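Throughout, a chain's letter reflects where its sequence line sits, starting with A, and its residues are numbered from 1. Basis for what follows: all heavy atoms, side chains included, without hydrogens, waters or symmetry-related copies. Worth saying up front: this structure is predicted, and the values here are computed from it rather than measured.
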There are 2 protein chains.
Amino acid sequence: MSGKSRAETMEENRAKILSAARKTFAEKGFAAASMDELTADVGLTRGALYHNFGDKKGLLAAVVAQVDGEMAARALAIGVRHENEWDALLAEGIAYIELAQEPEVQRIVLLDGPAYLGDPSQWPSQDACLQLTERTLTRLIADGVVKPVDAGAAARLLTGAALNAASWVAASKDPATALPQAIESFEALATGLLAKR
Amino acid sequence: MSGKSRAETMEENRAKILSAARKTFAEKGFAAASMDELTADVGLTRGALYHNFGDKKGLLAAVVAQVDGEMAARALAIGVRHENEWDALLAEGIAYIELAQEPEVQRIVLLDGPAYLGDPSQWPSQDACLQLTERTLTRLIADGVVKPVDAGAAARLLTGAALNAASWVAASKDPATALPQAIESFEALATGLLAKR
DNA sequence: TGAGTTGACATACGCATCGTATGCGACTAT
DNA sequence: ATAGTCGCATACGATGCGTATGTCAACTCA
């Protein structure tokens with residue numbers, strides 16, 4: 001019983017390519033990544049790639065969805081630990097700033113993703129991070145904690161601020177000191193959404 | 001005296017290529033833009049391109065600097081009309097949201113620029129928008145109007161929020177109604193930076 | 001003023017890469 | 001057993017980039 005079913009090896013090869021792409025895209029960027037090299041590194045050819053993902057952009061989309069999903073899951077796990085919904089929102093935002101420090105996220109999700117797949121709000125994966133904060137914001141607005149602004153717009157602004165903060169920290173000369181400064185500013189900005197003072 | 005000097009035609013050809021690049025990059029994106037076509041459209045060859053701009057990325061950098069500079073100039077002109085520095089900052093931010101609605105800015109400065117040239121804070125042009133708001137913020141912090149946060153971080157967060165808002169509006173189904181919502185949220189967020197309430 | 005030099009651009013070449021069309025072996029169903 | 005399908009490899013054509021080399025006009029200087 002050592003043989004693998006057809007569907008099993010199929011999934012294995014898909015995963016191999018996805019994993020290799022995730023690494024290569026993060027290191028060299030999407031444009032500079034050669035599909036010949038990438039597939040050869042896992043013992044396959046481009047034939048497998050085009051069969052599984054359609055084309056090069058299809059592979060990027062799959063990688064983005066994976067990384068994006070993991071980030072949302074981690075942020076959610078952090079936010080859920082807070083009883084107060086507002087504190088959870090803040091914690092999630094700060095989590096984004098910290099999670100987006102990884103070169104993988106920086107390069108794939110924040111740089112190449114938008115450039116080749118278009119604006120995140122149009123992605124099939126629908127930017128998991130955005131949806132998460134939008135739902136949280138909607139509840140907070142209903143509870144009167146947050147000003148009655150459009151939740152979609154506020155969510156986009158908030159995550160946009162957080163992710164830009166992450167890029168700023170990652171690109172700064174001294175990330176260790178830049179990170180707390182970014183978080184401080186983020187918290188200050190966020191409090192602007194509060195209804196009561 | 002109808003003859004043009006060597007330096008004159010040089011500048012003319014540079015401007016021709018730059019103008020064509022600005023249009024093509026905005027319409028088809030950086031990756032899909034063929035340098036053969038682009039130069040042929042203005043009656044030149046790639047030889048002129050590589051002589052004037054070094055390589056394809058060099059051309060993108062020049063275009064980005066131009067568009068970025070124009071945007072900062074327009075935002076500054078708007079902000080300067082306000083006597084109150086804080087109102088000027090808000091007006092500048094809102095101006096970014098509106099100015100960044102143009103497909104040129106969206107595609108070139110916000111998508112392809114970061115992807116191919118790296119984080120804006122590392123650009124030679126040093127993201128004119130960022131510098132502008134950072135200086136304004138520094139003055140406001142010195143005056144005690146804004147909380148004593150790091151001006152660089154806050155500037156990045158603020159412009160990041162504004163530019164993401166612009167992308168959100170541009171990608172939304174109904175930009176006409178999304179724009180005021182984005183501005184409303186932006187103003188709310190910005191007030192979080194105020195020291196006194 | 002005329003020969004030499006420089007500079008701006010064109011031409012030509014090699015190399016890499018992508019997408020597709022085609023081929024082949026393994027598995028499956030009847 | 002055989003025909004058909006599926007997953008992937010191989011082969012091909014088409015672009016596009018960067019560089020090395022060529023060329024001709026403009027500028028310099030004696």
Side-chain angles (χ1 to χ4, degrees), chain A residues 1-21 23-64 107-108 112-113 115-117, chain B residues 1-21 23-64 108 112-113 115-118:
Chain A
M1 298 296 285
S2 65
K4 298 166 186 172
S5 82
R6 203 104 186 86
E8 276 171 356
T9 63
M10 170 89 170
E11 273 307 313
E12 281 182 14
N13 286 343
R14 240 192 88 96
K16 276 187 196 170
I17 295 177
L18 237 156
S19 171
K23 190 182 304 179
T24 305
F25 287 166
E27 288 171 359
K28 314 204 295 184
F30 178 73
S34 163
M35 295 294 110
D36 271 323
E37 282 187 20
L38 195 151
T39 50
D41 283 348
V42 295
L44 297 170
T45 70
R46 282 183 317 163
L49 201 174
Y50 287 96
H51 190 74
N52 280 296
F53 299 96
D55 62 350
K56 194 179 178 183
K57 283 170 67 175
L59 177 58
L60 175 62
V63 173
V64 162
R107 179 84 235 185
I108 299 176
D112 290 335
Y116 290 97
L117 305 177
Chain B
M1 299 296 286
S2 65
K4 299 167 186 173
S5 82
R6 202 104 185 86
E8 276 171 354
T9 64
M10 170 86 170
E11 273 306 312
E12 281 182 14
N13 286 343
R14 240 192 87 96
K16 275 187 197 172
I17 295 176
L18 236 154
S19 170
K23 190 182 304 181
T24 305
F25 287 166
E27 289 171 357
K28 313 203 296 184
F30 178 73
S34 164
M35 300 321 250
D36 272 324
E37 282 186 20
L38 194 152
T39 51
D41 282 349
V42 295
L44 297 170
T45 70
R46 281 184 318 166
L49 202 174
Y50 287 95
H51 190 74
N52 280 296
F53 299 96
D55 62 349
K56 194 179 179 184
K57 284 170 66 175
L59 178 57
L60 175 62
V63 173
V64 162
I108 300 176
D112 289 336
Y116 290 96
L117 306 177

Sugar-phosphate only, base, or nothing, as touched by B:Ala33 at under 4.0 Å among non-hydrogen atoms: sugar-phosphate
When rounded to whole Å, the CZ to P distance for the pair A:Arg46 and C:dT17 reads 10 Å
Residue-phosphate contact under 4.0 Å: A:Ser34 side-chain N/O, C:dT17 OP1/OP2: yes
Quick one: CG on B:Asp112 to CG on B:Leu117, what's the gap to the nearest 0.5 Å? 9.0 Å
Checking contacts here: which listed nucleotide (D:dA9, D:dG18, C:dC18) is nearest the side-chain heavy atoms of A:Ala48? D:dA9
How close or far is atom P of C:dC18 from atom CZ of A:Phe53, stated in whole angstroms? 15 Å
Distance check needed: C:dA10 C1' versus B:Asp36 CG, whole Å only. 12 Å
Rounded interatomic separation in angstrom, taking CG from A:Asn52 and P from D:dC8: 5 Å
Grab the NE2-P distance between A:His51 and C:dC24 for me, whole Å please. 18 Å
Let me see the working for B:Leu49 and B:Leu44 under side chain to side chain contact (heavy atoms under 4.5 Å, CB included), right down to the final yes or no. CA-CA 8 Å; B:Leu49 202 174; B:Leu44 297 170; over 6 Å; no
Starting at NZ of A:Lys16 and ending at C1' of D:dA9, how long is that distance when rounded to a whole Å? 15 Å
Within this structure, what is the CD-to-C1' distance between B:Glu12 and C:dG7, rounded to whole angstrom? 17 Å
NZ (A:Lys57) with more than 12 external heavy atoms under 6.0 Å: no
Determine whether more than 12 heavy atoms belonging to other residues, nucleotides or ligands lie under 6.0 Å from atom NZ of B:Lys16. yes
Please report, rounded to the nearest Å, how far the P atom of C:dT17 is from the CG atom of A:Asp55. 17 Å
So does A:Asn13 get a side-chain nitrogen or oxygen closer than 4.0 Å to the phosphate oxygens (OP1/OP2) of D:dG7? no
